[in-house]
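Before any comments, here is the structure.
Position 1 is the first residue of the sequence; numbering continues from there. The figures here come from the full heavy-atom set of this structure, side chains too, leaving out hydrogens, waters and symmetry mates.
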Amino acid sequence: MMYKRLKIIQALIIAALIASCSTVIEPPNGMVDWSLANTTGSKVTMSVYDKVCNRSYFRVPIPRAREKSISTCADSDGKADVRYRRYSFKTTADNPWLDTKLTKNQALMIR
């Protein structure tokens with residue numbers, strides 16, 4: 001009986017320690033909220049790379065005629081500096097990575 005209580009207390013202490021840990025480190029210039037807008041006639045899946053925080057957002061599905069909100073790290077000017085392309089396993093001449101900078105609440109139109 002005492003062994004069971006000790007295990008429960010130990011599990012609660014471990015859970016409390018894990019819950020109190022914070023792995024989220026705020027970027028120095030904050031975040032920029034912007035969106036991908038699908039203007040094509042069909043569903044599109046995009047890949048987005050945040051050049052400021054070096055994060056990849058693979059397989060971002062965007063339904064036909066809809067927008068998908070994205071939040072990325074801001075550069076020193078307060079803009080999102082990203083690369084994007086249609087999702088695929090290989091970069092080809094028909095599907096290159098494109099670079100752009102976006103401000104808060106701006107929409108990147110996918111055509």
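Side-chain heavy atoms closer than 4.5 Å link hydrophobic residues (I, L, V, M, F, W, Y) into clusters, and following such links, possibly through other members, connects I110 to I70. L98 and L108 fall within the same hydrophobic cluster, where Ile, Leu, Val, Met, Phe, Trp and Tyr residues are linked whenever their side-chain heavy atoms come under 4.5 Å apart, directly or through other members.
Pairs passing the disulfide bond (SG atoms under 2.5 Å apart) check and including a residue from residues 27-91, sequence neighbours excluded, read C53-C73. Applying the disulfide bond (SG atoms under 2.5 Å apart) test to every pair with at least one member in residues 78-111, sequence neighbours left out, gives no pairs at all.
A donor-acceptor pair under 3.5 Å is absent between the side-chain atoms of D77 and the main chain of K79, judged by distance alone. Of the possible donor and acceptor atoms, one in the side chain of T92 sits under 3.5 Å from a partner among the backbone N and O of N95.
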task: May I have the step-by-step check of salt bridge (Lys or Arg N to Asp or Glu O under 4.0 Å) for D75 and K51, ending in yes or no?
output: CA-CA 9 Å; D75 63 8; K51 294 176 9 181; over 6 Å; no

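Counting heavy atoms from C-beta outward, V82 and D99 have side chains that stay 4.5 Å or more apart. The shortest distance between side-chain heavy atoms of V48 and L36 falls below 4.5 Å. For the pair K43 and P61, the minimum side-chain heavy-atom distance is below 4.5 Å. In this structure, Y87 and V60 have side chains that are not in contact, with every pair of non-hydrogen atoms separated by 4.5 Å or more. Between I62 and E67, every side-chain heavy-atom pair lies at or beyond the 4.5 Å cut-off.
Between N29 and S76, the side chains place no donor N or O within less than 3.5 Å of an acceptor N or O (distance only, hydrogens not considered). Side-chain contact of T72 with W34: a donor-acceptor pair under 3.5 Å is present, judged by distance alone.
Residues passing the side chain to side chain contact (heavy atoms under 4.5 Å, CB included) test with T40, sequence neighbours excluded: N38, S42, V44, R86.
The nearest pair of heavy atoms linking V52 to A74 is CG1-O, 3.5 Å.
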